[in-house]
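Just below is one structure, and these are the notes that go with it.
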Amino acid sequence: MTRNEIKTRNLDTLAAYHEKLRKAPQLRQLFFELTLRCNEHCFHCGSSCAGDLPHGLAPEVYLGVLDEVAERYEKKPLVAVTGGEPLLYPDFFPLMEAVRDKGFRWGMTSNGTLIDKETARHLKEAGMRTISLSIDGTEETHDRYRGLPGAYRMGMEGIQNLIDLDCFNVMVTTVVNHQNINELDRLFEIFDNMDINVWRLTGLEPIGRAEKVPEMHLTADDNRRLMEFILEKRSKKLPVEYSCCHFLGLKYEAEVRDWYFLCNAGVYVAGILVNGDVTACLDIPHGPGTIQGNILKEKFTDIWENRFEIFRRPLSERNETCASCPQAKWCRGGSYHSWDYDHDRPKVCMKGILFE
């Protein structure tokens, strides 16, 4: 059996599994958007933060949701905290220590700039298991993209402070755009000399602030170059991977990452925004169709079990072109965060770029 025949069989198996999963979803990750405040101002941020930049809800509200989840489900989901910069949430450590005490595993996304040695030790004591930190270029590039002088230096120090404790799964994430793709080799040299668990690359997505800079989006040639870069590093058993975004075709599926494409939004993943609104992946645009309810008005588990219809139906069924694509059963219309809900079409599609 050829490699492509094996992949086809595996993708068919995954498609059948996903059909069952839509009818019986499993809550594996629960995201808390703790704050919209951040000490950086990234040009590509998936969150179009504006106004007073509020913090999230009181700790007892989040803990009440976890009590509800623990009572309802035998297996507890991973709690993933994000922002903004989650460390700016005023009650961050009391909240996360309580999450630990309730027996939940937890991790977070962070820009790393606030993680000095003391903070790293406190994260260990609070039971953090995994963390994704962002580095988007070499020093000058990263500082410019992040709108904060010294962001690279502080972020790299934060990463090293975590590594030194040797108890976290440390993932560095780089958002690749039309400019910084030329820095991948230099970044690889840097991260290859650090004891991180994985370097995860993802393309700049047309969401949030990044919609306003189309000239920075990856071209077709950029996308192919990115895939080949990852393939080359992984052929040497180096810990580089592509993100969970998008179906990539038979050539690259299960090659540039360890798994086959499956958007987890609404079937494995739910998220609670700073105002208590419930959605799936927090990168998904917030609107009447994607917001499923609010935990200040109703139980989270009722929302999870009785709503989420939009996330439990393949996006490909909403668009005639997608529905007629031969890969529709594997792609299912792509990722929910990069779908244009106003026009019912994908904002990003790799067909014609990585596969036919």
Side-chain angles (χ1 to χ4, degrees), residues 1-23 25-26 28 171 173-176 181 184-185 188 197-206 217-269 281 311-339 345-356:
M1 186 176 288
T2 68
R3 179 69 170 159
N4 278 357
E5 288 172 335
I6 294 172
K7 289 184 178 183
T8 297
R9 183 188 63 187
N10 290 342
L11 285 164
D12 284 343
T13 300
L14 180 60
Y17 171 74
H18 188 249
E19 182 69 26
K20 296 178 181 178
L21 187 60
R22 292 201 304 270
K23 298 174 183 176
Q26 305 167 20
R28 295 189 179 182
M171 176 171 68
T173 298
T174 297
V175 178
V176 182
I181 194 170
L184 290 182
D185 286 312
F188 176 79
N197 295 88
V198 64
W199 181 30
R200 197 174 201 191
L201 303 175
T202 186
L204 181 68
E205 301 281 83
H217 297 173
L218 295 177
T219 65
D221 285 343
D222 289 338
N223 273 297
R224 289 189 289 267
R225 179 181 172 187
L226 176 57
M227 296 301 127
E228 292 300 318
F229 173 86
I230 298 172
L231 270 184
E232 190 267 332
K233 300 305 179 189
R234 288 174 64 86
S235 70
K236 300 176 182 176
K237 308 299 182 184
L238 299 170
V240 183
E241 68 182 28
Y242 185 65
S243 72
C244 57
C245 303
H246 314 306
F247 176 71
L248 306 174
L250 290 178
K251 179 178 180 181
Y252 295 112
E253 282 295 327
E255 303 292 347
V256 295
R257 55 194 174 206
D258 294 337
W259 63 92
Y260 292 93
F261 171 72
L262 176 67
C263 184
N264 293 330
V267 291
Y268 284 152
V269 173
C281 166
F311 303 115
R312 293 166 189 169
R313 173 190 169 197
L315 288 168
S316 55
E317 294 180 3
R318 301 164 62 101
N319 179 280
E320 184 177 343
T321 300
C322 285
S324 63
C325 176
Q327 284 79 27
K329 64 178 178 179
W330 301 335
C331 175
R332 295 168 287 274
S335 295
Y336 284 87
H337 75 271
S338 58
W339 187 261
R345 62 191 182 196
K347 292 183 178 181
V348 178
C349 177
M350 294 300 180
K351 186 178 181 182
I353 298 175
L354 303 181
F355 64 94
E356 295 300 328

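- We find the CG-NE2 distance between Leu14 and His18 to be 8.0 Å, quoted to the nearest 0.5 Å.
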Verdict with reasoning, Cys244 to Arg200, per side chain to side chain contact (heavy atoms under 4.5 Å, CB included): CA-CA 10 Å; Cys244 57; Arg200 197 174 201 191; 3.7 Å; yes

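- Side-chain contact check for Asp12 and Trp330: at least one donor-acceptor pair (N or O, by modelled atom type) lies under 3.5 Å.
- In this structure Phe247 satisfies the ring pair (Phe, Tyr, Trp, His ring centres under 6.0 Å) test together with Phe355, sequence neighbours excluded.
- Contact annotation: the side chain of Tyr268 approaches that of Leu21 to within less than 4.5 Å [non-hydrogen atoms, C-beta and beyond].
- Here the shortest heavy-atom pairing between Ser335 and Cys245 reads OG-CA, 3.7 Å.
- Once rounded to the nearest 0.5 Å, the distance linking CG of Asn319 with CZ of Arg345 reads 9.0 Å.
- Using a 4.5 Å cut-off on side-chain heavy atoms (C-beta onward), Leu218 and Leu226 make contact.
- At least one side-chain heavy atom of Met350 sits less than 4.5 Å from a side-chain heavy atom of Val348.
- Partners of Asp222 according to the side chain to side chain donor-acceptor pair (under 3.5 Å) rule, which considers only residues two or more places apart in sequence or in another chain, are His178, Thr219.
- The line from CG of Leu201 to OH of Tyr242 is 9.5 Å long, rounded to the nearest 0.5 Å.
- Annotation: side chain of His246 is not in contact with side chain of Tyr252 (no heavy-atom distance under 4.5 Å).
- Interatomic distance, CE of Met171 versus CD of Glu241, reported as 7.0 Å (0.5 Å rounding).
- The main-chain N or O of Thr2 is found under 3.5 Å from a side-chain atom of Glu5 such that the two form a donor-acceptor pair.
- Here the closest non-hydrogen pair linking Cys331 and Phe261 is O-CE2, 3.3 Å.
- Between Arg224 and Ile353, the closest heavy-atom pair is NH1-O, 3.2 Å.
- When the salt bridge (Lys or Arg N to Asp or Glu O under 4.0 Å) test is applied to Lys20, no partner is found at least two apart in sequence or on another chain.
- In this structure, Gly334 and Cys263 approach most closely via the heavy-atom pair O-CB, 4.1 Å.
- For the side chain to side chain contact (heavy atoms under 4.5 Å, CB included) test, no residue two or more places apart in sequence or in another chain qualifies with Lys237.
- In this structure, CG on Leu250 lies 12.0 Å from CD1 on Ile6, to the nearest 0.5 angstrom.
- Annotation: side chain to side chain donor-acceptor pair (under 3.5 Å) contacts of Ser338 (sequence neighbours excluded): none.
- The OG1 atom of Thr174 sits 12.0 Å away from the CD1 atom of Ile181 when rounded to the nearest 0.5 Å.
- Pairs of residues two or more places apart, or lying in two chains, that qualify as salt bridge (charged side-chain N to carboxylate O under 4.0 Å, His left out) and include a residue from residues 347-356 are Glu211-Lys347.
- Asn197 is linked by a side chain to side chain donor-acceptor pair (under 3.5 Å) to nothing, counting only residues two or more places apart in sequence or in another chain.
- The ring pair (Phe, Tyr, Trp, His ring centres under 6.0 Å) test applied to Tyr336 returns Phe311, not counting sequence neighbours.
- Here Arg28 pairs with nothing under the salt bridge (Lys or Arg N to Asp or Glu O under 4.0 Å) rule; sequence neighbours left out.
- In this structure, the side chains of Val256 and Leu231 come closer than 4.5 Å at one or more pairs of heavy atoms.
- Within a 6.0 Å radius of CD in Gln26, more than 12 heavy atoms belonging to other residues, nucleotides or ligands are found.
- Scanning both residues, Leu184 and Trp199, for their nearest heavy atoms gives O-CH2, 3.6 Å.
- Residues passing the salt bridge (Lys or Arg N to Asp or Glu O under 4.0 Å) test with Glu255, sequence neighbours excluded: Arg3, Lys7.
- The only option from Arg318, Glu317, Arg312 that meets the side chain to side chain contact (heavy atoms under 4.5 Å, CB included) definition with Pro314 turns out to be Glu317.
- Residues passing the side chain to side chain donor-acceptor pair (under 3.5 Å) test with Arg234, sequence neighbours excluded: Asp258.
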Side chain to side chain contact (heavy atoms under 4.5 Å, CB included) between Lys251 and Met227, worked out: CA-CA 10 Å; Lys251 179 178 180 181; Met227 296 301 127; over 6 Å; no

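- Arg257 meets the salt bridge (Lys or Arg N to Asp or Glu O under 4.0 Å) test with Glu253; sequence neighbours excluded.
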